[in-house]
Amino acid sequence: MFLIQRSSTTQPLSPSTGSAIRRLGASTLKYVRRMGIMGLFLVKAVLFMVIPPLKFNRFLKQVRFIGLQSVVLILLTGGFTGMVLGFQGFYSLSKFGSDAFLGPMVGLALIKELGPVLSALMVTGRAGSAITAEIGIMRMSEQIDALELMGLNPYRYLVVPNLLAAMISLPLLTAIFDVVGIFGGYLIGGKLLGVGAGTYFGEMASYVEMQDVMEGIYKSLSFGVIIVWVCCFKGYYAGIFTGFGSEGVSRATTQAVVLSSVLILVWDYFMTSILF
Amino acid sequence: MIKIENLYRSFDGNEVFRGISLEIMKGEVLALIGRSGCGKSVLLKHVAGLMKPEKGRVVVDGREMNTAKGRSLTALRDRLGFLFQGGALFDSMNVFENVAFPLKEKTKLSDKRIQARVLEELDNVGLSGSEYKYPSQISGGMVKRAALARSLVGDPEIMLFDEPTTGLDPVTGHAIIELIDSCHRRLHFTGIIVTHEISNVFGIVDRVAMLHEGVVWAEGTPSEFFSFEDPVVRAFVGDSGSGGREGGMHEEI
């Protein structure tokens with residue numbers, strides 16, 4: 001048996017400090033709980049993706065929406081990104097007398113990094129926000145409840161087709177971005193600034209390896225998963241986590257785009273450090 | 001057929017149900033009334049299994065709704081139809097596709113049979129000729145009719161109606177109530193109607209239950225409701241006549 005003696009210098013917490021700590025604790029628990037729900041959402045989506053049946057028509061529709069309808073945007077952004085790289089790369093390399101390496105520089109930058117990341121950011125802004133808004137409005141107007149009450153699985157209709165479509169579309173869009181960007185870089189570096197085609201493409205072929213291409217593909221695949229995971233989750237739980245009505249959908253859409261974009265950049269770092 | 005036993009539920013510390021108990025017999029239609037925000041729609045969602053209580057249980061035809069999962073929950077929901085307050089039609093599909101959707105996804109019927117069934121159901125609700133319009137192109141009353149057709153197309157044994165006339169003008173609202181009554185006479189489902197429309201609905205239901213302060217405050221036939229002395233009940237139903245399905249006969253209000 002022992003006696004605990006309270007130190008005479010110990011002061012009880014003031015009510016305001018106590019309630020601040022309680023609020024901090026409650027907020028922390030709330031966010032940890034949401035992260036858990038978000039994690040389970042991804043697990044269920046992957047599970048229903050691998051276990052048949054697949055809603056094939058809906059999947060095709062989403063490939064068209066996420067992939068085909070993003071091509072023009074990718075062509076524009078890829079082209080201008082390549083052209084900017086051509087300018088900046090030429091003037092930077094010229095300082096070291098290495099302008100002959102413009103081709104590998106543009107190629108490697110696009111294939112390993114800018115292609116996957118910028119394609120993913122464009123698709124997030126265009127398709128990701130639309131997916132969040134669509135699912136969010138379905139949540140607000142009880143269409144998801146209606147699906148459940150028909151004994152149907154909302155994941156199979158709303159999440160899985162998007163997930164599979166993004167996993168197929170993102171690598172293809174990234175490839176288009178890379179090709180257009182490389183030619184954009186040649187347009188500036190070659191046609192405008194005088195780097196020969198043989199030098200530009202020849203050196204690129206010498207320095208760009210299959211491993212670099214695969215790195216870009218792995219990144220774009222994982223970015224596709226991130227985009228659909230975050231955007232579908234935010235729409236699915238609109239009204240539950242973001243408030244009701246049009247403001248709730250608006251908030252969900254904003255959060256989806258911001259969180260997707262940040263996660264793409266963070267995950268890009270981790271993938272680069274793993275694959276490097 | 002539906003037993004609600006001692007249900008407790010709260011939201012953000014606000015107690016909505018404090019021991020709700022109710023029983024609805026097979027083939028019976030119950031009107032659920034009460035002030036806005038008393039939890040009528042929430043109770044309906046508990047019956048449908050969309051929400052789970054903190055305490056108590058909902059039993060549908062001997063099977064517990066709050067613990068049912070997977071196939072057993074799907075089997076229960078296959079026997080259930082729900083008319084949502086806003087209709088909840090899928091806005092990317094036209095009226096025909098909406099009504100056909102449960103049949104296409106849940107049955108192995110041929111396209112021809114599905115088409116015949118859908119057109120028959122749309123005719124029953126007075127929507128012939130509007131099959132290829134989208135939800136944004138039709139009126140509120142037509143949305144409710146289409147939603148009713150979709151919920152009835154699977155011949156459910158239980159029908160739940162969440163404020164079927166809210167947002168509609170009195171004439172259209174009355175028409176929807178008449179439609180629900182004719183569907184009940186045709187299909188003999190067990191039903192719960194959440195409503196504020198005392199004068200219309202009391203004429204077609206067998207019993208009424210009033211929610212107030214988290215409990216079933218009063219319960220009885222429509223006629224009994226008008227003779228209750230309790231001030232809460234009187235304030236809600238007023239002195240507006242009498243009505244109700246007495247011994248299975250439908251009385252005009």
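Proteins get letters first, then strands, A, B, ... in listed order; numbering begins at 1 in each.
- Atom CZ of B/Arg186 has more than 12 neighbouring heavy atoms from other residues, nucleotides or ligands inside a 6.0 Å radius.
- Taking a 6.0 Å sphere around NZ of A/Lys55, one finds it holds more than 12 heavy atoms contributed by other residues, nucleotides or ligands.
- Within 6.0 Å of atom OH in B/Tyr134, more than 12 heavy atoms from other residues, nucleotides or ligands are found, so the atom counts as buried in its surroundings.
- For residues 25-36 of chain B, the set of pairs meeting the side chain to side chain donor-acceptor pair (under 3.5 Å) definition, not counting sequence neighbours, comprises B/Glu28-B/Arg207.
- Using a 4.5 Å cut-off between heavy atoms, B/Arg150 contacts chain A through its side chain alone, with no backbone atom that close.
- From B/Ser92, atom OG reaches atom NZ of A/Lys61 across 5.0 Å, with rounding to the nearest 0.5 Å.
- Screening residues 125-137 of chain A for salt bridge (charged side-chain N to carboxylate O under 4.0 Å, His left out), with sequence neighbours left out, gives A/Arg58-A/Glu134.
- Heavy-atom neighbours of A/Arg34 CZ from other residues, nucleotides or ligands within 6.0 Å: above the threshold of 12.
- Among the residues in residues 96-116 of chain B, those with a non-hydrogen atom closer than 4.5 angstrom to a non-hydrogen atom of chain A are B/Phe101, B/Pro102, B/Glu105, B/Lys106.
- The 12-atom threshold is not exceeded at OH of A/Tyr31, counting heavy atoms of other residues, nucleotides or ligands nearer than 6.0 Å.
- The local environment of CE in B/Met93 is crowded, with over 12 non-hydrogen atoms from other residues, nucleotides or ligands closer than 6.0 Å.
- Rounding to the nearest 0.5 Å gives a distance of 10.0 Å between CD of A/Glu148 and OG1 of B/Thr74.
- Against chain A, the residues from residues 39-63 of chain B that qualify, each with a non-hydrogen atom under 4.5 angstrom away, are B/Lys45, B/Ala48, B/Leu50 in number order.
- In this structure, A/Leu149 and B/Phe84 have side chains that are in contact, with non-hydrogen atoms separated by less than 4.5 Å.
- Here the closest non-hydrogen pair linking A/Met138 and B/Phe90 is CE-CD2, 4.4 Å.
- Only the backbone of B/Leu89 comes within contact range of chain A, with heavy atoms under 4.5 Å apart.
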